[in-house]
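Worksheet for the structure shown next.
Worth saying up front: this structure is predicted, and the values here are computed from it rather than measured. The chains referred to below are lettered A, B, ... by the order of the sequence lines, with proteins before strands, and numbering in each begins at 1.
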Number of protein chains: 2
Amino acid sequence: MNPFERLPIEKQARIVNASISEFAEKDYETASMNVVVNHAGISKGSLFNYFKTKSTLYDYVYALALGEVKAYLKDVRDSTIGLPFNERLTQIIDSGVQFIVDHPRLAKIYFRLVYSSDSPNRKKIITELQLLSNNYLGEIIQDGINHKELNSTLNKAQAVFYLDAVLNRFLKEYHDSLSNGKLLDRNDWVNSITELFTKGFK
Amino acid sequence: MNPFERLPIEKQARIVNASISEFAEKDYETASMNVVVNHAGISKGSLFNYFKTKSTLYDYVYALALGEVKAYLKDVRDSTIGLPFNERLTQIIDSGVQFIVDHPRLAKIYFRLVYSSDSPNRKKIITELQLLSNNYLGEIIQDGINHKELNSTLNKAQAVFYLDAVLNRFLKEYHDSLSNGKLLDRNDWVNSITELFTKGFK
DNA sequence: TCTTAATTTGACCACCCGGTCAATTTACAT
DNA sequence: ATGTAAATTGACCGGGTGGTCAAATTAAGA
């Protein structure tokens with residue numbers, strides 16, 4: 001059992017909270033351990049006692065975020081099995097929006113990872129995420145093909161790529177719209193994306 | 001006339017070249033003026049004499065990149081006027097790929113700007129780019145509607161957004177594929193994207 | 001209560017940053 | 001050749017970084 005896990009939960013929460021905020025607001029390289037320490041109300045030595053390096057702390061926070069995302073994805077996949085492609089896709093996109101509403105800071109860390117460049121294990125993490133996305137969206141698309149809703153000659157890898165591209169970009173835009181005041185019309189966009197791909201993959 | 005423009009062209013080129021490399025390889029915040037100086041073979045004082053701040057140098061390099069992009073876009077738009085939507089789109093995407101092949105470092109700076117977070121005037125620049133993309137792709141789509149090739153009830157803003165999302169993401173992937181050895185099949189992808197939107201916007 | 005072990009602290013380290021500026025070198029007109 | 005103005009240099013500044021560690025504090029068992 002490592003020293004961090006031995007800590008009282010309240011203290012753990014303070015540290016995790018401060019770390020999430022810092023990694024959400026700044027790139028990995030510019031995120032500051034000093035800021036985390038001050039915000040969490042602990043000493044620098046302690047933080048480096050709990051997490052050997054900045055990279056270790058980042059990995060911990062990232063794992064938290066990924067676990068949360070996976071839970072959302074799993075829920076919506078399992079609860080929409082058997083539904084037509086377009087209804088299923090609609091609910092998946094909407095679930096993505098819901099994640100962003102529920103966990104805006106985790107979403108920001110995710111976007112920063114996907115869209116930005118540094119962070120030590122980025123390549124490995126991105127590869128892992130792509131595999132996840134491929135399996136997940138690939139399954140949805142395959143189901144659509146099986147039910148003759150989508151073109152059977154569809155290049156699945158490409159289809160997943162396009163879906164992933166639009167989804168990610170839209171979710172990022174929605175995330176931004178949360179803070180800049182010009183909130184997007186959730187249903188309008190979700191339906192419009194579903195329409196694009198239901199027709200485009202026909 | 002500012003001191004930089006008074007320099008012999010060869011020296012200007014050395015400085016520009018070093019700056020492009022550094023801003024292509026690192027985020028704005030982590031890009032180092034010391035590295036630029038060493039790579040260009042000039043003294044630190046000189047660089048800060050030519051460009052008052054790091055931000056000024058970045059703006060200069062960015063303006064170079066943007067000018068280059070605009071030239072490519074203008075060329076392909078003007079040379080495809082009157083063509084059907086799908087042929088036109090194909091050539092536009094292909095021109096994007098060509099830009100990446102011709103100027104991989106400038107492309108990297110562009111992607112870094114779009115996908116990353118820092119750099120001082122990022123918000124203003126991004127807004128400017130979005131306006132550009134809106135006008136450019138908006139015009140192409142409008143032409144497609146006028147020629148009854150695309151659905152007349154299409155939400156143009158959303159359509160532009162999706163097109164832009166897929167285009168950017170694909171170009172980024174193609175850019176990455178240049179350096180990781182697994183080069184993408186250019187024609188296959190370009191045609192596939194055209195097909196998606198020609199059907200999706202019908 | 002005393003001892004010992006675990007935890008916490010923050011001053012400190014080496015390093016790098018963007019930016020400055022007095023001093024030196026270079027270029028040029030007379 | 002001389003004087004002057006422009007260009008170039010690099011040591012230096014204040015500040016921030018991730019990470020360390022001897023010393024102080026706290027917790028626990030006898």
Side-chain angles (χ1 to χ4, degrees), chain A residues 1-62 112 116-122, chain B residues 1-62 112 116-122:
Chain A
M1 204 186 202
N2 64 48
F4 179 70
E5 286 166 344
R6 252 178 273 139
L7 256 35
I9 311 223
E10 178 272 334
K11 196 171 190 177
Q12 286 191 27
R14 252 163 47 219
I15 295 168
V16 166
N17 185 49
S19 305
I20 289 176
S21 288
E22 184 63 5
F23 284 123
E25 265 168 40
K26 311 220 195 84
D27 273 341
Y28 175 81
E29 294 286 357
T30 41
S32 164
M33 297 295 265
N34 295 324
V35 171
V36 171
V37 150
N38 290 334
H39 187 188
I42 62 173
S43 77
K44 201 167 178 177
S46 286
L47 184 57
F48 277 91
N49 184 30
Y50 307 145
F51 301 94
K52 268 180 213 168
T53 63
K54 185 182 178 178
S55 162
T56 312
L57 175 59
Y58 180 82
D59 288 345
Y60 182 87
V61 168
Y62 164 75
R112 208 176 276 290
S116 187
S117 63
D118 30 36
S119 78
N121 306 320
R122 183 173 187 269
Chain B
M1 207 187 201
N2 65 49
F4 180 70
E5 286 166 345
R6 251 178 276 142
L7 254 36
I9 311 223
E10 179 272 334
K11 196 170 189 177
Q12 285 189 28
R14 251 164 47 220
I15 296 168
V16 166
N17 185 49
S19 306
I20 289 177
S21 288
E22 183 63 5
F23 284 123
E25 264 169 41
K26 311 218 195 85
D27 274 340
Y28 175 81
E29 294 286 357
T30 41
S32 161
M33 295 296 266
N34 294 323
V35 171
V36 171
V37 151
N38 291 334
H39 187 188
I42 61 173
S43 76
K44 201 167 180 177
S46 287
L47 184 56
F48 277 92
N49 182 30
Y50 308 145
F51 300 94
K52 266 180 216 171
T53 64
K54 183 182 181 179
S55 162
T56 312
L57 176 60
Y58 181 83
D59 287 346
Y60 182 87
V61 169
Y62 164 74
R112 208 176 274 292
S116 185
S117 65
D118 30 37
S119 77
N121 307 319
R122 182 173 187 269

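Contacts with DNA chain C (heavy atom under 4.0 Å) in residues 30-44 of chain B: Ala31(B), Ser32(B), Met33(B), Asn34(B), Lys44(B), listed by number.
Using a 4.5 Å heavy-atom cutoff, the side chains of Glu25(A) and Val35(A) are not in contact. A heavy-atom distance below 4.5 Å is not found between the side chains of Tyr62(A) and Asn121(A). With a 4.5 Å cut-off on side-chain heavy atoms, Lys44(A) and Leu47(A) do not count as touching.
What separates CZ of Phe4(A) from C1' of dT8(C) is a distance of 15 Å, to the nearest Å. Nucleotide dT26(D) holds its P atom 16 Å from the CG atom of Leu7(A), rounded to whole Å. Rounded to whole Å, atom C1' of dG18(D) lies 17 Å from atom CG of Asp27(A). Glu22(B) has its CD atom 13 Å from the C1' atom of dC16(C), to the nearest Å. When rounded to the nearest whole Å, the span between NZ of Lys52(B) and P of dC21(C) equals 14 Å. When the C1' atom of dA6(C) is taken as reference, atom CG of Asn2(A) falls 15 Å away, rounded to whole Å. One can place CG of Leu47(B) at 13 Å from C1' of dT9(D), the figure rounded to the nearest angstrom. To the nearest angstrom, P of dA22(D) lies 15 Å from CG of Asn49(A).
The CD1 atom of Ile15(B) sits 9.0 Å away from atom CD of Glu10(B), with the distance rounded to the nearest 0.5 Å. Between the CG atom in Leu7(B) and the OH atom in Tyr50(B) there is a gap of 4.0 Å [rounded to 0.5 Å].
Classified by interplanar angle (parallel below 30°, tilted 30° to 60°, perpendicular above 60°), the ring pair Phe23(A)/Tyr58(A) is perpendicular.
Close to dA6(C), at under 4.0 Å from its OP1 or OP2, lies no side-chain N or O of Arg6(A). For the OP1/OP2 pair of dT8(D) and a distance below 4.0 Å, the side-chain nitrogens and oxygens of Lys11(B) include at least one atom meeting the criterion.
Nucleic acid contact class of Tyr50(B) (heavy atoms, under 4.0 Å, all strands): sugar-phosphate only.
In terms of heavy-atom proximity, Thr30(A) sits nearest to Glu29(B) at CG2-CB, 3.6 Å.
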